[in-house]
Amino acid sequence: MKIQIINGPNLNLLGLREPGIYGSESFESYLPGLRAKFPDVEISYYQSNVEGELINKLQEVGFTFDGVVLNAGAYTHTSIALHDCVRALRCPVVEVHISNVHERESFRHHSYLSAVCKGVICGFGLQGYDLAIEGLTRKGTDR
Ligand code: DQA
(Lines give C-alpha, C1' and ligand atoms only; values in the text may rest on other atoms or scores of the structure.)
Protein backbone atom coordinates (compact mmCIF):
# COMPACT_ATOMS: atom_id res chain seq x y z
CA MET A 1 0.00 0.00 0.00
CA LYS A 2 1.22 3.48 -0.85
CA ILE A 3 0.16 6.50 1.18
CA GLN A 4 1.25 10.09 0.64
CA ILE A 5 1.37 12.58 3.50
CA ILE A 6 1.16 16.20 2.35
CA ASN A 7 1.74 19.12 4.70
CA GLY A 8 1.00 22.68 3.66
CA PRO A 9 2.24 26.12 4.62
CA ASN A 10 4.18 26.73 7.83
CA LEU A 11 4.11 23.05 8.79
CA ASN A 12 7.84 22.91 8.01
CA LEU A 13 8.13 24.92 11.24
CA LEU A 14 6.65 22.20 13.46
CA GLY A 15 8.64 22.04 16.67
CA LEU A 16 9.48 25.75 16.44
CA ARG A 17 6.11 27.26 15.62
CA GLU A 18 3.72 27.98 18.52
CA PRO A 19 4.68 24.84 20.51
CA GLY A 20 1.76 25.42 22.89
CA ILE A 21 -0.56 24.68 19.97
CA TYR A 22 1.44 22.42 17.66
CA GLY A 23 3.83 20.68 20.10
CA SER A 24 7.61 20.67 20.23
CA GLU A 25 8.39 17.83 17.82
CA SER A 26 9.41 18.38 14.21
CA PHE A 27 7.70 16.30 11.54
CA GLU A 28 11.07 14.89 10.49
CA SER A 29 11.64 13.45 13.97
CA TYR A 30 8.08 12.08 14.18
CA LEU A 31 8.10 10.37 10.77
CA PRO A 32 10.43 7.39 11.43
CA GLY A 33 8.24 6.23 14.33
CA LEU A 34 5.14 6.55 12.17
CA ARG A 35 6.75 4.48 9.40
CA ALA A 36 7.78 1.83 11.97
CA LYS A 37 4.15 1.51 13.11
CA PHE A 38 3.01 0.68 9.57
CA PRO A 39 5.75 -1.56 8.15
CA ASP A 40 3.53 -2.79 5.31
CA VAL A 41 2.71 0.70 4.12
CA GLU A 42 5.00 2.78 1.94
CA ILE A 43 4.64 6.24 3.46
CA SER A 44 5.88 9.17 1.37
CA TYR A 45 6.14 12.67 2.76
CA TYR A 46 5.94 16.06 1.06
CA GLN A 47 5.71 19.59 2.44
CA SER A 48 5.31 22.87 0.59
CA ASN A 49 4.42 26.43 1.47
CA VAL A 50 3.15 26.99 -2.08
CA GLU A 51 -0.49 26.30 -2.98
CA GLY A 52 0.22 25.26 -6.60
CA GLU A 53 2.93 22.84 -5.50
CA LEU A 54 0.45 21.13 -3.16
CA ILE A 55 -1.93 20.77 -6.12
CA ASN A 56 0.85 19.38 -8.32
CA LYS A 57 1.72 16.75 -5.70
CA LEU A 58 -1.95 15.81 -5.18
CA GLN A 59 -2.40 15.36 -8.94
CA GLU A 60 0.81 13.35 -9.15
CA VAL A 61 -0.19 10.76 -6.53
CA GLY A 62 -3.98 10.98 -6.51
CA PHE A 63 -4.60 8.48 -9.31
CA THR A 64 -2.06 5.82 -8.35
CA PHE A 65 -1.58 5.87 -4.58
CA ASP A 66 -3.97 4.18 -2.14
CA GLY A 67 -4.56 7.26 -0.04
CA VAL A 68 -3.46 10.76 0.89
CA VAL A 69 -3.21 12.34 4.34
CA LEU A 70 -3.53 16.08 3.81
CA ASN A 71 -2.88 18.86 6.28
CA ALA A 72 -3.29 21.89 4.05
CA GLY A 73 -2.66 24.32 6.92
CA ALA A 74 -4.31 27.69 6.37
CA TYR A 75 -5.17 26.83 2.74
CA THR A 76 -7.82 24.56 4.26
CA HIS A 77 -9.81 27.68 5.04
CA THR A 78 -9.21 29.57 1.80
CA SER A 79 -8.54 27.34 -1.18
CA ILE A 80 -11.23 26.47 -3.73
CA ALA A 81 -8.37 25.28 -5.96
CA LEU A 82 -7.44 22.59 -3.41
CA HIS A 83 -11.12 21.69 -3.04
CA ASP A 84 -11.42 21.20 -6.82
CA CYS A 85 -8.21 19.17 -6.91
CA VAL A 86 -9.19 16.80 -4.08
CA ARG A 87 -12.61 16.16 -5.61
CA ALA A 88 -10.97 15.28 -8.93
CA LEU A 89 -8.75 12.56 -7.47
CA ARG A 90 -9.44 8.84 -7.48
CA CYS A 91 -7.86 7.93 -4.13
CA PRO A 92 -9.32 8.77 -0.70
CA VAL A 93 -7.97 11.85 1.07
CA VAL A 94 -8.08 12.28 4.85
CA GLU A 95 -7.97 15.86 6.17
CA VAL A 96 -5.81 16.23 9.27
CA HIS A 97 -5.24 19.13 11.62
CA ILE A 98 -2.87 18.93 14.56
CA SER A 99 -4.88 21.41 16.62
CA ASN A 100 -8.60 21.37 17.27
CA VAL A 101 -9.53 24.06 14.76
CA HIS A 102 -13.06 24.28 16.20
CA GLU A 103 -11.86 25.56 19.57
CA ARG A 104 -9.81 28.29 17.85
CA GLU A 105 -10.61 31.46 15.87
CA SER A 106 -13.84 31.38 13.85
CA PHE A 107 -11.92 31.76 10.56
CA ARG A 108 -10.55 28.24 11.17
CA HIS A 109 -14.01 26.71 11.57
CA HIS A 110 -14.75 26.46 7.85
CA SER A 111 -12.89 24.00 5.65
CA TYR A 112 -13.07 23.91 1.86
CA LEU A 113 -11.72 20.36 2.04
CA SER A 114 -13.91 18.45 4.51
CA ALA A 115 -16.80 17.96 2.07
CA VAL A 116 -14.54 16.30 -0.50
CA CYS A 117 -12.44 14.24 1.92
CA LYS A 118 -13.16 10.73 3.15
CA GLY A 119 -12.80 11.87 6.75
CA VAL A 120 -11.45 14.56 9.04
CA ILE A 121 -9.23 14.23 12.11
CA CYS A 122 -8.33 17.22 14.24
CA GLY A 123 -7.14 17.99 17.74
CA PHE A 124 -5.01 14.89 18.41
CA GLY A 125 -1.64 16.48 17.75
CA LEU A 126 0.75 14.55 15.52
CA GLN A 127 -1.08 11.37 16.50
CA GLY A 128 -3.73 12.52 14.00
CA TYR A 129 -1.47 11.30 11.19
CA ASP A 130 -1.32 7.82 12.80
CA LEU A 131 -5.10 7.80 13.07
CA ALA A 132 -5.51 8.86 9.43
CA ILE A 133 -3.25 6.07 8.19
CA GLU A 134 -5.02 3.61 10.49
CA GLY A 135 -8.30 4.71 8.90
CA LEU A 136 -7.00 4.42 5.36
CA THR A 137 -5.43 0.98 5.87
CA ARG A 138 -7.95 -0.78 8.10
CA LYS A 139 -9.91 -3.41 6.23
CA GLY A 140 -13.68 -3.21 6.17
CA THR A 141 -13.90 0.58 6.32
CA ASP A 142 -14.91 1.05 2.68
CA ARG A 143 -18.32 2.59 2.30
C1 DQA B 1 -3.56 23.49 11.11
C2 DQA B 1 -4.71 24.41 11.49
C3 DQA B 1 -4.80 25.58 10.53
O4 DQA B 1 -5.87 26.44 10.90
C5 DQA B 1 -3.52 26.38 10.54
O6 DQA B 1 -3.59 27.43 9.60
C7 DQA B 1 -2.32 25.54 10.33
C8 DQA B 1 -2.25 24.24 10.97
C9 DQA B 1 -3.36 22.36 12.13
O10 DQA B 1 -2.68 21.39 11.79
O11 DQA B 1 -3.84 22.45 13.27
O12 DQA B 1 -1.35 25.96 9.70
O13 DQA B 1 -3.87 22.88 9.86
Side-chain angles (χ1 to χ4, degrees), residues 1-138 141 143:
M1 241 189 143
K2 285 168 106 174
I3 290 181
Q4 176 75 51
I5 298 173
I6 301 178
N7 275 344
N10 302 308
L11 291 164
N12 54 315
L13 296 180
L14 282 178
L16 298 171
R17 172 194 187 199
E18 300 183 88
I21 296 175
Y22 298 112
S24 50
E25 190 172 8
S26 71
F27 204 82
E28 285 69 21
S29 83
Y30 161 76
L31 196 51
L34 178 68
R35 287 189 168 123
K37 269 188 204 163
F38 298 95
D40 300 333
V41 183
E42 200 180 306
I43 299 173
S44 306
Y45 174 59
Y46 179 77
Q47 188 277 331
S48 176
N49 295 320
V50 180
E51 187 176 14
E53 289 182 357
L54 299 172
I55 291 170
N56 285 342
K57 178 54 77 174
L58 282 162
Q59 291 185 4
E60 182 189 316
V61 301
F63 295 91
T64 52
F65 277 45
D66 300 293
V68 172
V69 178
L70 175 62
N71 184 347
Y75 289 139
T76 306
H77 318 299
T78 62
S79 179
I80 297 170
L82 275 171
H83 167 103
D84 284 348
C85 180
V86 170
R87 73 184 301 154
L89 304 180
R90 195 173 296 146
C91 79
V93 178
V94 177
E95 176 183 347
V96 167
H97 300 286
I98 295 162
S99 63
N100 180 353
V101 287
H102 299 290
E103 69 175 15
R104 300 181 64 192
E105 304 94 325
S106 59
F107 61 80
R108 296 183 203 277
H109 296 176
H110 177 259
S111 166
Y112 278 103
L113 304 178
S114 302
V116 288
C117 283
K118 183 171 174 76
V120 182
I121 295 167
C122 77
F124 287 93
L126 288 173
Q127 201 196 344
Y129 294 85
D130 296 57
L131 298 171
I133 293 177
E134 175 76 33
L136 284 167
T137 57
R138 190 180 278 199
T141 54
R143 271 179 268 145

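Here the structure is a predicted model, which means the values were calculated and not measured. As a basis for the values below, the full set of heavy atoms in this structure was taken, side chains included, without hydrogen atoms, waters or symmetry mates. Nothing fancy with the numbering, it's 1 onward along the sequence.
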> Roughly how far apart are Cys117 SG and Arg87 CZ, rounded to 0.5 Å?
Replying inline: 11.5 Å
>> So, taking the atom named CZ in Phe124 and the one named CD1 in Ile98, what distance separates them when rounded to the nearest 0.5 Å?
In response: 13.5 Å
> Is any side-chain heavy atom of Val116 closer than 4.5 Å to a side-chain heavy atom of Val93?
Replying inline: no
> Which atoms form the tightest heavy-atom contact between Gly128 and Val96, and what is the distance?
Replying inline: O-CG2, 3.9 Å
>> Within the structure provided, determine whether Cys85 and Leu54 are in side-chain contact (heavy-atom separation under 4.5 Å).
In response: no
> Could you walk me through whether Asn12 and Asn7 pass the side chain to side chain contact (heavy atoms under 4.5 Å, CB included) check?
Replying inline: CA-CA 8 Å; Asn12 54 315; Asn7 275 344; over 6 Å; no
> For Ser99 and Arg104, what are the C-alpha separation, side-chain angles and deciding distance, and is it a side chain to side chain contact (heavy atoms under 4.5 Å, CB included)?
Replying inline: CA-CA 9 Å; Ser99 63; Arg104 300 181 64 192; 2.9 Å; yes
> Hey, does the side chain of Asp66 reach the backbone of Lys2 with a donor-acceptor pair shorter than 3.5 angstrom?
Replying inline: yes
> Tell me, do Val94 and Leu131 make a side-chain contact under 4.5 Å, heavy atoms counted?
Replying inline: no
> What pairs of residues pass the ring pair (Phe, Tyr, Trp, His ring centres under 6.0 Å) test when at least one of them lies in residues 27-60, not counting sequence neighbours?
Replying inline: Phe27-Tyr30, Phe27-Tyr45, Phe27-Tyr129
> Val41 and Leu136: side chain to side chain contact (heavy atoms under 4.5 Å, CB included), yes or no, with the steps?
Replying inline: CA-CA 10 Å; Val41 183; Leu136 284 167; over 6 Å; no
> Out of curiosity, Ile133 CD1 to Lys37 NZ, how far, rounded to the nearest 0.5 Å?
Replying inline: 9.5 Å
> Counting N and O atoms only, with roles assigned by atom type, does the side chain of His109 sit under 3.5 Å from a partner on the main chain of Glu103, one being a donor and the other an acceptor?
Replying inline: no
>> With rounding to the nearest 0.5 angstrom, report the OG to CG distance, Ser26 to Leu13.
In response: 11.0 Å
> What closest approach, in Å, do Ser79 and Leu82 show between heavy atoms, and which atom pair accounts for it?
Replying inline: OG-N, 2.9 Å
>> If I take atom CG from residue Leu89 and atom CG from residue Asp84, how far apart are they, to the nearest 0.5 angstrom?
In response: 11.0 Å
> Heavy atoms, side chains only, cut-off 4.5 Å: are Leu11 and Arg17 in contact?
Replying inline: yes
>> Hydrogens and angles aside, do Glu95 and Thr76 bring a side-chain donor and acceptor to less than 3.5 Å of each other?
In response: no
> Donor-acceptor pair, Asn49 side chain versus Asn10 backbone, under 3.5 Å?
Replying inline: yes
> Which heavy atom in Gln47 sits nearest to a heavy atom in Gly8, and how many Å separate them?
Replying inline: NE2-O, 3.0 Å
> Looking only at heavy atoms, which two atoms of Leu113 and Ala72 are closest? And how far apart?
Replying inline: CD1-CB, 3.7 Å
>> Any side-chain to backbone donor/acceptor pair from Arg35 onto Ile43? Under 3.5 Å, distance only.
In response: yes
> Do Leu14 and Glu25 have side chains that get closer than 4.5 Å, going by heavy atoms?
Replying inline: no
>> Within the structure provided, determine whether Thr137 and Asp40 are in side-chain contact (heavy-atom separation under 4.5 Å).
In response: no
> Which heavy-atom pair separates Cys91 from Phe65 by the least distance, and what is that distance?
Replying inline: CB-O, 3.3 Å
>> Within this structure, what is the CD-OG distance for the pair Glu60 and Ser44, rounded to the nearest 0.5 Å?
In response: 9.5 Å
>> side chain to side chain contact (heavy atoms under 4.5 Å, CB included) for Ile121 and Val69? Distances and angles first, verdict last.
In response: CA-CA 10 Å; Ile121 295 167; Val69 178; over 6 Å; no
> Minimum heavy-atom separation for Arg108 to His77, with atom names?
Replying inline: O-CE1, 3.2 Å
